[in-house]
Each structure stands twice: as structure tokens, then as C-alpha cells.
Amino acid sequence: MSNEGEADRHLSPPKRQRSLSPDTSRPSKLPKSEPPRLPDERSEIAMGQRNPGLQRYLVAVEYIGTLFSGSQKQPAFRTVVGVLEEAFQKFIGQPVSVVCSSRTDAGVHALSNVCHIDVERISKRKPGEVLPPHEPVVVRRAVNHFLQKNEGDITVTDVRCVPPDFHARYKALERTYHYRILSGPEPLSAFEKNRAWHVPEDLDITAMKANSPMRTLEELAVTEILPALYFPSIMERSATELLDLDTSRRISTSSDAKTVKSENGREFGHRLRHRCFVVTARSRSFLYHQVRLMVGVLKSVGTGDLTVSDVERILDAKTVTVASPMAPGCGLYLGNVKYDLP
């Protein structure tokens with residue numbers, strides 16, 4: 001399993017960052033050093049030693065993290081980087097190295113993670129002959145072809161040519177994470193398995209939204225939304241159709257529909273809907289497990305197990321031993337990585 005956090009831990013966090021650390025042996029400490037320098041490739045470029053046939057591509061990918069042991073490459077484990085490198089190698093016929101902007105743990109998903117890859121296009125008819133780089137649209141289509149032959153749980157969504165010194169991790173200006181919580185006693189739907197954190201208790205969204213000392217990121221918001229795969233009921237469809245003056249006949253048809261009720265009064269075969277909450281955190285960088293730790297605390301505030309004063313105490317203690325249990329990885333989504341692209 002991956003030992004990496006949900007984002008790059010080597011970058012200095014934003015100003016006034018306060019967070020919890022999963023290291024139970026000592027209080028968490030914020031990095032004091034500057035972000036590490038880029039690999040030796042920067043000095044090679046300055047000395048003109050870089051292979052002129054290499055093209056660096058910035059590649060955005062989305063993936064379902066359930067079957068991945070995190071994003072970083074690990075021997076004997078299926079990872080995001082490992083699967084991407086395999087697909088690129090099948091495409092161009094030679095090994096490549098994939099560098100991700102943000103690290104994700106096992107089970108964590110990505111709406112958009114970003115990586116960079118250096119590719120040298122070698123002629124298959126004349127080995128050794130270097131050809132002009134592939135167009136980004138060709139790279140996207142070809143790599144997706146090989147990815148879909150795998151589990152089909154990762155897709156390249158965008159490709160762009162960038163300068164040879166553009167680094168997916170160190171050039172990132174901001175990262176946004178979303179965490180999905182489904183609240184309610186109804187068992188979790190098969191369609192939501194490993195896609196959200198199921199909390200059987202009712203959550204007090206007002207308490208979770210209250211101004212608290214946890215709000216030290218660029219953004220920390222809690223929003224209630226419609227659950228995923230939401231389909232309107234007969235009454236909801238009828239209410240919508242009332243807004244359309246040309247649908248009177250369809251309205252009468254819908255209102256006449258008969259349904260079979262179960263013993264508890266709801267329509268037979270229909271599930272009770274969960275309440276869906278999304279916690280959004282936005283910052284330049286995050287510490288190890290920071291988002292999941294914050295969500296664990298917010299959930300406890302929502303259930304009434306913690307108060308805002310308790311949150312202050314937890315942050316002042318700077319140790320995870322006094323915090324609520326960390327939220328599981330299945331509800332976390334890397335939403336976006338922002339750049340100032342050339």
C-alpha cells in the first residue's frame with residue numbers, strides 16, 4: 001500500500017497553515033526549508049546537454065482509485081504512475097518516466113491529476129531516426145487506447161506540449177480537493193461503493209460550516225448537494241413540467257401514474273436518499289493526510305461529538321492522538337491542479 005500523502009509533502013505549505021499530522025510519535029511540524037530544487041535536468045538544460053529530440057508533455061488524468069495502491073510507482077503494486085508508464089511505453093516503444101503533480105493514497109480518486117512525461121519519437125521503420133514530436137491529440141488518443149485495455153479506471157483527459165523545464169509538481173500554484181460524505185441510515189448503494197464515506201448519523205451542516213480556527217487554507221467549505229446518480233421522482237418530474245406551458249398532456253399522464261407502496265409508505269423498490277455533503281479544501285500544498293484528518297474532525301463536529309472549542313484544542317495540541325479518526329480514502333477526490341501555463 002502507498003505510504004504517500006494526498007498531495008506533495010515536499011512543498012512549503014501556505015502562510016498560517018495549521019494542520020494535523022498522522023505521525024503519532026511527535027507533534028506535527030511545518031517544513032521550514034524552501035521547496036527542493038528540481039532534479040539535475042535543470043542544470044543539464046543550462047549546459048545544453050539535454051536531448052534535443054525530447055518533447056515534454058503535460059498530461060491530465062482522471063482515475064478511480066479503488067484498485068490502485070496510490071499514485072506513486074511501487075514494485076509489485078498497481079499504481080497510477082506504473083499504469084501510465086506502461087501505456088506510454090506500449091505507445092512509443094521505449095520506457096518513460098512519469099512525474100505526478102500530486103500524490104494520492106490507495107483508494108483516493110482524481111477528477112484531474114497532472115503529470116509530465118518526456119517522449120522522444122523514434123522511427124519504427126528506421127531505428128535511430130528521431131522524428132518530430134507527436135501532436136498532443138495523437139498522444140491522448142493513443143495512450144487512452146492502451147489504458148482502456150487495462151482495467152479502464154484511468155483516462156487521459158488533456159495533453160499539452162510544455163517547455164523542457166516545466167515541472168508538474170513544482171510549477172503547481174494551487175490544488176483543490178473534494179471529499180464526499182453520504183449521510184443517512186440507509187445502506188450505501190452499490191453504485192456508491194468506494195466512492196464516498198458513509199456516515200449513518202445525521203450531520204449538522206450549520207455546525208460544520210461555522211467559522212473556526214480550522215479555516216486557514218485558501219478555502220475550506222462544506223456544501224450540501226444532490227447525491228450522485230440522482231434521478232427525479234414522478235412528483236419532481238411533474239413539478240418541473242409545470243414550468244413548461246406546452247406539457248399539459250404529459251403532466252396529466254404523470255399525475256395519473258400509480259405506484260405500489262411498501263409497508264413503510266415509500267415506493268416499493270426505491271431507496272431512501274442519503275444527504276450528500278462535499279468538503280472542499282484549496283491551497284498551494286497540503287501536509288501528509290491533511291484533508292482526510294480535517295474531514296474526520298468536521299464529521300465529528302457535524303455529529304455533535306466535537307465543538308468548535310474542541311477543534312481549537314486539537315489544533316493547539318498539534319498531534320493526531322487527540323483528534324477524531326481520519327476519514328477513509330474512498331471519499332477523497334483530487335479535483336484540480338492549477339498552473340500558469342506558458
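All residue numbers in this chain count up from 1 along the given sequence.
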Q: Got a list of side-chain donor-acceptor pairs under 3.5 Å for residues 295-304, not counting sequence neighbours?
A:
from, atom 1, to, atom 2, distance (Å)
Ser300, OG, Gly296, O, 3.3
Ser300, OG, Ser324, OG, 2.8
Thr303, OG1, Lys299, O, 3.3
Thr303, OG1, Ser300, O, 3.1
Thr303, OG1, Asp305, OD2, 2.9

Q: State which residues pass salt bridge (Lys or Arg N to Asp or Glu O under 4.0 Å) with Arg282; sequence neighbours excluded, sorted by chain then number.
A: Glu174, Glu219
Q: When you look at Ser101 and Asn113, which way does the side chain to side chain donor-acceptor pair (under 3.5 Å) test go after all the steps?
A: CA-CA 7 Å; Ser101 67; Asn113 200 345; 3.0 Å; yes
Q: Could you pull out all residues at least two apart from Asn194 that satisfy side chain to side chain donor-acceptor pair (under 3.5 Å)?
A: none
Q: Sub-3.5 Å donor-acceptor pair from the side chain of His116 to the main-chain atoms of Tyr57, do we have one?
A: no
Q: Using side-chain heavy atoms (C-beta onward) and a distance below 4.5 Å, is Leu188 in contact with Leu182?
A: yes
Q: Would you kindly confirm whether Ile122 and Phe88 end up in one hydrophobic cluster when ILVMFWY residues are joined by side chain heavy atoms under 4.5 Å apart?
A: no
Q: Answer yes or no: is there a side-chain heavy-atom contact under 4.5 Å between Leu84 and Ile154?
A: yes
Q: How close do Gln74 and Ser69 get, counting heavy atoms only, and between which atoms?
A: NE2-O, 2.7 Å
Q: Which heavy atom of Val337 sits nearest to which heavy atom of Ser112, and what is that distance?
A: CG2-O, 4.0 Å
Q: Got a sec, which residues hit side chain to side chain contact (heavy atoms under 4.5 Å, CB included) with Ile92, two or more places apart in sequence or on another chain?
A: Gln94, Val96, Val119
Q: Mind checking whether Val278 and Leu111 sit in one hydrophobic cluster, side chains of I, L, V, M, F, W, Y counted as touching below 4.5 Å?
A: no
Q: Step by step, would you call Val291 with Phe286 a side chain to side chain contact (heavy atoms under 4.5 Å, CB included)?
A: CA-CA 8 Å; Val291 177; Phe286 293 85; 3.7 Å; yes
Q: Quick one: which residue pairs count as a side-chain hydrogen bond (donor to acceptor under 3.5 Å, both in side chains) with a foot in residues 327-342, not counting sequence neighbours?
A: none
Q: Strictly by modelled atom types, are His274 and Ser183 linked by a side-chain donor-acceptor pair under 3.5 Å?
A: no
Q: Carefully, step by step, assess Glu192 and Arg180 under the rule salt bridge (Lys or Arg N to Asp or Glu O under 4.0 Å).
A: CA-CA 10 Å; Glu192 290 287 2; Arg180 295 183 68 240; 3.0 Å; yes
Q: Which atoms form the tightest heavy-atom contact between Leu147 and Ala87, and what is the distance?
A: CD2-CB, 3.6 Å
Q: For the pair Thr79 (side chain) and Gly82 (backbone), establish whether a donor and an acceptor sit closer than 3.5 Å, ignoring hydrogens and angles.
A: yes
Q: So, Asn150 side chain and Gly152 main chain: donor-acceptor pair closer than 3.5 Å or not?
A: no
Q: Nearest heavy-atom pair of Tyr179 and Arg292: which atoms, and what distance?
A: CE1-CG, 4.4 Å
Q: How long is the straight-line distance from OG1 of Thr223 back to CE of Met208, given to the nearest 0.5 Å?
A: 10.0 Å
Q: Give me the other members of the hydrophobic cluster that Leu229 sits in, counting Ile, Leu, Val, Met, Phe, Trp and Tyr linked by side-chain heavy atoms under 4.5 Å, directly or via other members.
A: Phe191, Phe231
Q: Please give me the minimum heavy-atom distance between Val108 and Tyr63, naming the atom from each residue.
A: O-CE1, 3.7 Å
Q: Go through it in stages, so that I can follow the logic: the residues are Tyr230 and Cys276, the test is side chain to side chain contact (heavy atoms under 4.5 Å, CB included), and I'd like the CA-CA distance, side-chain angles, deciding distance and then a yes or no.
A: CA-CA 11 Å; Tyr230 179 90; Cys276 184; over 6 Å; no
Q: Hey, are the side chains of Arg121 and Pro133 touching, using non-hydrogen atoms and a 4.5 Å cut-off?
A: no
Q: Quick one: CD on Gln290 to OG on Ser285, what's the gap to the nearest 0.5 Å?
A: 8.0 Å
Q: Clusters formed by hydrophobic residues whose side-chain heavy atoms approach within less than 4.5 Å: which one holds Leu173, and what are its other members?
A: none
Q: Quick one: side chain to side chain donor-acceptor pair (under 3.5 Å) partners of Glu224, sequence neighbours excluded?
A: Arg275
Q: Taking only residues two or more places apart in sequence, or in another chain, which ones meet Glu62 in a salt bridge (Lys or Arg N to Asp or Glu O under 4.0 Å)?
A: none
Q: Output the distance between atom CZ (Arg160) and atom CG (Leu58), rounded to the nearest 0.5 Å.
A: 8.0 Å
Q: Can you tell if the side chain of Phe277 reaches within under 4.5 Å of the side chain of Val199, non-hydrogen atoms only?
A: no
Q: Do Val114 and Val59 touch side chain to side chain, with heavy atoms closer than 4.5 Å?
A: no
Q: When you compare the side chain of Val80 with that of Val83, does any pair of heavy atoms fall below 4.5 Å?
A: no
Q: Ignoring hydrogens, what is the shortest heavy-atom contact between Gln55 and Val162? Give both atom names and the distance.
A: NE2-O, 3.4 Å
Q: Which pairs pass salt bridge (Lys or Arg N to Asp or Glu O under 4.0 Å) with one or both residues in residues 130-155, sequence neighbours excluded?
A: Arg78-Asp153
Q: Output, in order, the C-alpha distance, side-chain angles, deciding distance and verdict of side chain to side chain contact (heavy atoms under 4.5 Å, CB included) for Met294 and Val279.
A: CA-CA 9 Å; Met294 289 190 299; Val279 180; over 6 Å; no
Q: Can you check whether Cys100 reaches Gln72 side chain to side chain, under 4.5 Å on heavy atoms?
A: yes
Q: Rounded to the nearest 0.5 Å, what's the gap from CG on Leu131 to CD on Glu129? Could you check?
A: 5.0 Å
Q: Side-chain heavy atoms nearer than 4.5 Å, only ILVMFWY residues, links allowed to pass through others: does that put Val143 and Phe146 together?
A: yes
Q: If you define the side chain from C-beta out and look only at heavy atoms, does anything of Arg169 sit under 4.5 Å from Arg103?
A: yes
Q: Output the distance between atom CG (Leu217) and atom OG1 (Thr280), rounded to the nearest 0.5 Å.
A: 11.5 Å
Q: Please collect all side-chain hydrogen bond (donor to acceptor under 3.5 Å, both in side chains) contacts where either partner lies in residues 80-91, sequence neighbours excluded, each pair once.
A: Lys73-Glu85, Glu86-Lys90
Q: Passes side chain to side chain contact (heavy atoms under 4.5 Å, CB included), Trp197 versus Leu332? Steps please.
A: CA-CA 9 Å; Trp197 183 15; Leu332 183 62; over 6 Å; no
Q: Run the ring pair (Phe, Tyr, Trp, His ring centres under 6.0 Å) test on His134 and Phe91 for me, step by step, so that the C-alpha distance in whole Å, both residues' side-chain angles and the decisive distance to 0.1 Å come before the verdict.
A: CA-CA 11 Å; His134 291 287; Phe91 166 43; 4.9 Å; yes
Q: With sequence neighbours excluded, give me every salt bridge (Lys or Arg N to Asp or Glu O under 4.0 Å) pair touching residues 194-203.
A: none
